[in-house]
There are 2 protein chains.
Amino acid sequence: MAKRDHAEVCAEVCTHPEILEKVAPEMPDEERLYDLAELFKVFGDTTRIRILYVLFESEMCVCDIAALLNMTQSAISHQLRILKQARLVRSRLDDDHVRTVIGQGMEHIEEKHGRKRA
Amino acid sequence: MAKRDHAEVCAEVCTHPEILEKVAPEMPDEERLYDLAELFKVFGDTTRIRILYVLFESEMCVCDIAALLNMTQSAISHQLRILKQARLVRSRLDDDHVRTVIGQGMEHIEEKHGRKRA
DNA sequence: AAAACATATGAACATCTGTTCATGTGTTAG
DNA sequence: CTAACACATGAACAGATGTTCATATGTTTT
């Protein structure tokens with residue numbers, strides 16, 4: 001009995017209603033947050049990041065990308081589809097936000113790890 | 001035989017050495033790209049994005065977050081650990097890069113979908 | 001038209017990821 | 001000290017994700 005209460009306490013008792021009431025209305029709607037997570041999910045894979053980086057440098061055919069990344073043509077094709085669906089890549093790279101977002105991310109990890117090289 | 005050749009062609013034949021030689025040296029090192037993907041992976045989950053957004057608004061206890069997001073305390077705790085490991089959250093929110101990166105991402109999806117509301 | 005080239009795709013599979021459940025740990029109040 | 005509170009964590013499981021393999025679908029060349 002004491003144990004069961006214990007389990008329930010934190011989930012139901014320890015909330016501060018003022019905070020909830022203040023914060024809840026400020027949250028973006030669920031759809032927006034979902035889309036945002038989806039976007040970052042696309043960036044969250046080494047293969048796709050590498051693809052974006054090679055496309056920063058030059059437009060090139062799928063086979064060249066595959067050769068550069070030392071992966072199969074099929075794998076690249078699958079990943080390119082995901083990048084296109086997210087509108088990050090069209091025929092070539094799509095827009096500047098891609099560079100900006102990735103750039104900001106890179107700055108973050110640079111700062112944290114205190115490395116050199118831009 | 002013709003079929004086997006077909007399968008091999010694209011992976012080995014259709015590369016343009018000039019491009020490979022030009023682009024390859026420009027690529028950041030693998031470790032860096034890996035870390036970058038890891039960072040975005042952290043942003044690439046709705047629960048974690050929502051946690052970051054509530055923490056934008058106010059410092060609060062785990063149980064409040066759980067109540068706000070309508071999830072268990074355990075789930076939040078697990079996700080908070082990931083955010084802390086990525087140094088995005090300390091006791092409260094960590095730094096401005098977090099806001100900047102997320103803001104850029106949001107701008108991207110806004111632009112694409114042509115929605116209103118900042 | 002046939003062959004070569006370039007890319008796309010579906011199924012299968014192994015791995016990774018997020019949540020839940022149960023419980024552990026540390027801290028504060030009585 | 002004991003109970004209440006706040007948070008952390010490990011195992012288990014279901015669902016998602018990335019790669020491979022085999023093959024399909026365009027598109028040029030010849």
Side-chain angles (χ1 to χ4, degrees), chain A residues 1-16 19-20 33-34 37-52 54-55 59-86 89-92, chain B residues 1-16 19-20 33-34 37-52 54-55 59-86 89-92:
Chain A
M1 186 68 161
K3 286 296 176 61
R4 260 195 53 229
D5 286 346
H6 183 77
E8 291 171 6
V9 161
C10 200
E12 299 174 5
V13 173
C14 75
T15 56
H16 308 97
I19 291 185
L20 303 199
L33 292 173
Y34 180 83
E38 285 301 304
L39 175 66
F40 285 125
K41 212 172 281 184
V42 175
F43 288 112
D45 175 82
T46 316
T47 301
R48 289 190 291 268
I49 286 278
R50 286 155 85 213
I51 292 178
L52 290 174
V54 303
L55 291 182
E59 211 167 342
M60 70 184 73
C61 73
V62 175
C63 302
D64 285 334
I65 302 178
L68 267 169
L69 307 195
N70 199 30
M71 296 185 68
T72 67
Q73 174 270 321
S74 180
I76 302 299
S77 189
H78 278 297
Q79 296 306 156
L80 263 176
R81 183 164 46 80
I82 294 174
L83 289 169
K84 283 174 186 166
Q85 278 171 353
V89 167
R90 215 171 269 271
S91 57
R92 52 178 300 157
Chain B
M1 186 66 163
K3 286 294 175 63
R4 261 196 51 229
D5 286 346
H6 184 77
E8 292 171 6
V9 160
C10 200
E12 300 174 4
V13 173
C14 74
T15 57
H16 308 98
I19 292 185
L20 304 199
L33 293 172
Y34 180 83
E38 285 302 304
L39 176 65
F40 285 124
K41 212 171 282 182
V42 174
F43 289 110
D45 175 80
T46 317
T47 301
R48 288 190 291 268
I49 287 276
R50 285 156 85 214
I51 293 178
L52 290 174
V54 303
L55 291 182
E59 212 167 340
M60 71 184 71
C61 75
V62 175
C63 301
D64 285 334
I65 302 178
L68 269 169
L69 307 194
N70 200 29
M71 297 186 68
T72 66
Q73 175 269 319
S74 179
I76 303 299
S77 190
H78 278 297
Q79 296 306 157
L80 263 176
R81 183 165 46 78
I82 295 175
L83 290 169
K84 284 174 185 167
Q85 279 170 354
V89 167
R90 213 171 271 270
S91 57
R92 52 178 300 156

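Computation of the quantities below employed the complete heavy-atom set of this structure, encompassing side-chain atoms and omitting hydrogens, waters and symmetry-equivalent molecules. Worth saying up front: this structure is predicted, and the values here are computed from it rather than measured. Order of the sequence lines sets the chain letters (A, B, ...), proteins ahead of strands, with each chain counted from 1.
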Practice problem: Could you tell me which residues satisfy side chain to side chain donor-acceptor pair (under 3.5 Å) with B/Glu38, sequence neighbours excluded, listed by chain and number? | Solution: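 So B/Glu38 forms a side chain to side chain donor-acceptor pair (under 3.5 Å) with B/Lys41.
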
Quiz item: Quick one: CG on A/Leu83 to CD1 on A/Ile51, what's the gap to the nearest 0.5 Å?
Solution: 5.5 Å

Quiz item: What pair of heavy atoms forms the shortest contact from A/Ile76 to A/Met71, and how long is it?
Solution: CD1-CB, 4.2 Å

Quiz item: Hey, are the side chains of B/His16 and B/Leu20 touching, using non-hydrogen atoms and a 4.5 Å cut-off?
Solution: no

Quiz item: How about B/Ser77 and B/Leu80: do any of their side-chain heavy atoms sit closer than 4.5 Å?
Solution: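 SC-SC contact between B/Ser77 and B/Leu80 ruled out.
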
To the nearest Å, give me how far apart [atom1] ([X]) and [atom2] ([N]) are.
X	N	atom1	atom2	result
A/Ile51	C/dT7	CD1	P	12 Å
A/Ile65	C/dT7	CD1	P	8 Å
B/Ile19	C/dA6	CD1	C1'	14 Å
B/Leu69	C/dG18	CG	P	15 Å

Self-check item: Under 4.0 angstrom between A/Thr72 side-chain N/O and D/dT19 OP1 or OP2
Solution: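 No, A/Thr72 has no side-chain N/O under 4.0 Å of OP1/OP2 on D/dT19.
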
Practice problem: Say whether, by atom type as modelled, one donor and one acceptor occur between the side chain of B/Arg50 and the main chain of B/Leu69 under 3.5 angstrom. | Solution: yes

Quiz item: Is the side chain of A/Arg48 donor-acceptor paired with the backbone N or O of A/Phe43 at a distance under 3.5 Å, no angle test?
Solution: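 No, because the side chain of A/Arg48 does not come within donor-acceptor range (under 3.5 Å) of the backbone of A/Phe43.
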
Quiz item: Should the pair A/Phe40 and B/Phe40 be assigned to parallel (<30°), tilted (30 to 60°) or perpendicular (>60°) ring geometry?
Solution: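 Because their plane-to-plane angle is under 30°, the rings of A/Phe40 and B/Phe40 count as parallel.
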
Quiz item: Base, backbone or nothing for each nucleotide of nucleotides 8-13 of chain D, written B, S, -, heavy atoms under 4.0 angstrom, 5' to 3'?
Solution: BBB---

Protein-nucleotides 16-18 of chain D N/O pairs closer than 3.5 Å?
| from | atom 1 | to | atom 2 | distance (Å) |
| --- | --- | --- | --- | --- |
| D/dG18 | OP1 | A/Asp45 | OD1 | 3.4 |
| D/dG18 | OP1 | A/Arg48 | NH1 | 3.3 |
| D/dG18 | OP1 | A/Arg48 | NH2 | 2.9 |
| D/dG18 | OP2 | A/Arg48 | NH1 | 3.3 |

